[in-house]
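These numbers come from the heavy atoms of this one structure, side chains and all, not from hydrogens, waters or symmetry mates. Reminder, nothing fancy here: chain letters follow the sequence lines and each chain counts from 1.
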2 protein chains.
Amino acid sequence: MARKQGSHSDITGPKVREAALRLIARCGWAAVSMRQLAAEVGVQAGALYNYTPDKQTLLFDLMRDHLVDVIESFDKADPKTDAQSRLRAFVSFHIRYHLPRADAVFVAYMELRNLEPENFAAIEKLRRAYEDRLEAILRQGEAEGAFAMKDARVATRAIIGMLTGFFTWYRQEGRLPLEEVEAIYWDLVCNAVAR
Amino acid sequence: MARKQGSHSDITGPKVREAALRLIARCGWAAVSMRQLAAEVGVQAGALYNYTPDKQTLLFDLMRDHLVDVIESFDKADPKTDAQSRLRAFVSFHIRYHLPRADAVFVAYMELRNLEPENFAAIEKLRRAYEDRLEAILRQGEAEGAFAMKDARVATRAIIGMLTGFFTWYRQEGRLPLEEVEAIYWDLVCNAVAR
DNA sequence: CATCTAACTGAACATCTGTTCATTTGAAAA
DNA sequence: TTTTCAAATGAACAGATGTTCAGTTAGATG
């Protein structure tokens, strides 16, 4: 039997990506076999090759699509006013955008070493582009006299690390509601760089 | 041929652990085969089973030994005086202790999902024990009136995340010497929690 | 209705996987 | 020198791996 009812490319394609994100985030790319992934989708392994040329490209596409989305979404969320407001927006965006995409965040951070060199370079470029947004905000803040720090580039990395670590421990059903955790992180970030 | 010249358990054992840390950090535990590891050590795959009962236990032992070392070493480095001095010592220790052990840090951080449940629980307990050291310092600082933050537990995680992110980008040959980067991080941490 | 073709199956491919174990080796102890 | 045995080898196991492809199916098209 082939092509079950309602099973088209438009349905199976997204299913493949979702299942891949879920499984790779949980088990790691190397530990997930194409047969496992196929079973999760509900097809045979061979059918996956209608949706990706190979396993490596599947990983790369997942990471690239995620990062491109992150950057585009932030550029829309960026108020582009004073540095303080922009930094506040960045912290809020980073937490709120990534939270419902925890699998993609996990994959994009943890699977870098499984990318072939040219794919790695492309992903690093995108990651750097996102970091550069934050760095630009910090530098604007320095210019405005609102922020003071020893080194904007290192501060950028420190803040990104701090915000990203968030996803390794936050659980919806935990002690604190999201609004509160967001406020706590904003407090820490703001104090760290404020003049 | 067996037992090459100068090849004893005391030599091969450490070699296995070093090679395992190096390979797992670079490629991921799931992606490293016992034959690859054996080749790196310079023995056949079967010989590895003189040093570990199985691949899973090898991973667990590497992570546990690392974390036990971290905790013991910090307890020695902790001045146990005022919170400000202790926090300064924590930041310095975290950066300086982990830097020459980048492979172990990477493995202990990235391979959690490849641990079987009971092993995972044991490692999480150790990680938590380390984080608790920092939390205790922050709470002492609050009690002394030296620090002020909205939530000590969240601040603990934020600071750990910030400091650990350091190892994902710092390179010995980079723009800034270690002393300077350490000072920058201290500045950020200190401002984030200072009253 | 018959036809077309995107989407899928299932078998096959060579190679790799973790682990076991009877066997061999050679440095140190007697 | 002979004995001993820790520390290796290398073959074998059953099953998994990514990927290919000729063949099958069923929904859309004419």
Legend entry - Atom-pair distance (NZ on Lys15(B); C1' on dA7(D)), nearest Å: 13 Å
Inset, instruction - With DNA chain D as reference, determine whether Ala45(A) or Leu48(B) sits nearer its 5' end, using the nearest nucleotide of each. - result: Leu48(B)
Legend entry - Aromatic ring proximity, centroids under 6.0 angstrom, Tyr130(A) and Phe90(A): yes
Inset, instruction - Kindly point out which of dC8(C), dA12(D), dG18(D) is positioned nearest to the side chain of Asn50(A)? - result: dC8(C)
Legend entry - 5'-most by nearest nucleotide on DNA chain D - Pro53(A) or Gln36(A): Gln36(A)
Inset, instruction - List in numerical order all residues of residues 24-34 of chain B for which some heavy atom is under 4.0 Å away from an atom belonging to DNA chain C. - result: Val32(B), Ser33(B), Met34(B)
Inset, instruction - List the atom of Gln140(B), the atom of Ala83(B), and the distance in Å for their closest heavy-atom pair. - result: NE2-N, 3.4 Å
Inset, instruction - Give, for atom CZ of Arg101(B) and atom CZ of Arg96(B), the distance between the pair rounded to the nearest 0.5 Å. - result: 13.0 Å
Legend entry - Gap between atom CZ of Phe167(A) and atom OH of Tyr109(A) - 0.5 Å precision: 8.5 Å
Inset, instruction - Go through the side-chain N and O atoms of His98(B) and Thr164(B) and say whether any donor and acceptor fall under 3.5 Å apart. - result: no
Inset, instruction - Taking the six-membered ring for Trp and the full ring for Phe, Tyr or His, determine whether the centres of Tyr185(A) and Phe166(A) are under 6.0 Å apart. - result: yes
Inset, instruction - Can you tell me the distance, in whole Å, between the CD1 atom of Ile11(A) and the C1' atom of dC8(C)? - result: 14 Å
Legend entry - Whole-Å distance separating the CG atom of Leu37(B) from the P atom of dC16(C): 17 Å
Legend entry - Options dT17(D), dA8(D), dT19(C), nucleotide nearest the side-chain atoms of Arg35(A): dT17(D)
Legend entry - For atom CD of Gln44(A) and atom P of dT20(D), their distance in whole Å: 17 Å
Inset, instruction - Give a yes/no on whether any side-chain N or O of Thr12(A) is located under 4.0 angstrom from OP1 or OP2 of dA7(C). - result: no
Legend entry - Value in whole Å for how far the P atom of dG18(D) lies from CG of Leu59(A): 13 Å
Inset, instruction - Using distance alone, with no hydrogens and no angle criterion, decide if Gln36(A) and Glu40(A) have a side-chain donor and acceptor under 3.5 Å apart. - result: no
Inset, instruction - Whole angstrom is fine here: how far is it from CG in Asp10(B) over to C1' in dA6(D)? - result: 11 Å
Inset, instruction - Please report, rounded to the nearest Å, how far the P atom of dT20(D) is from the CG atom of Asp54(A). - result: 8 Å
Inset, instruction - Report the distance from atom CD of Gln56(A) to atom C1' of dT17(D), rounded to the nearest whole Å. - result: 16 Å
Inset, instruction - Determine: side-chain N/O of Tyr51(A) to OP1/OP2 of dC8(C), distance under 4.0 Å, yes or no. - result: yes
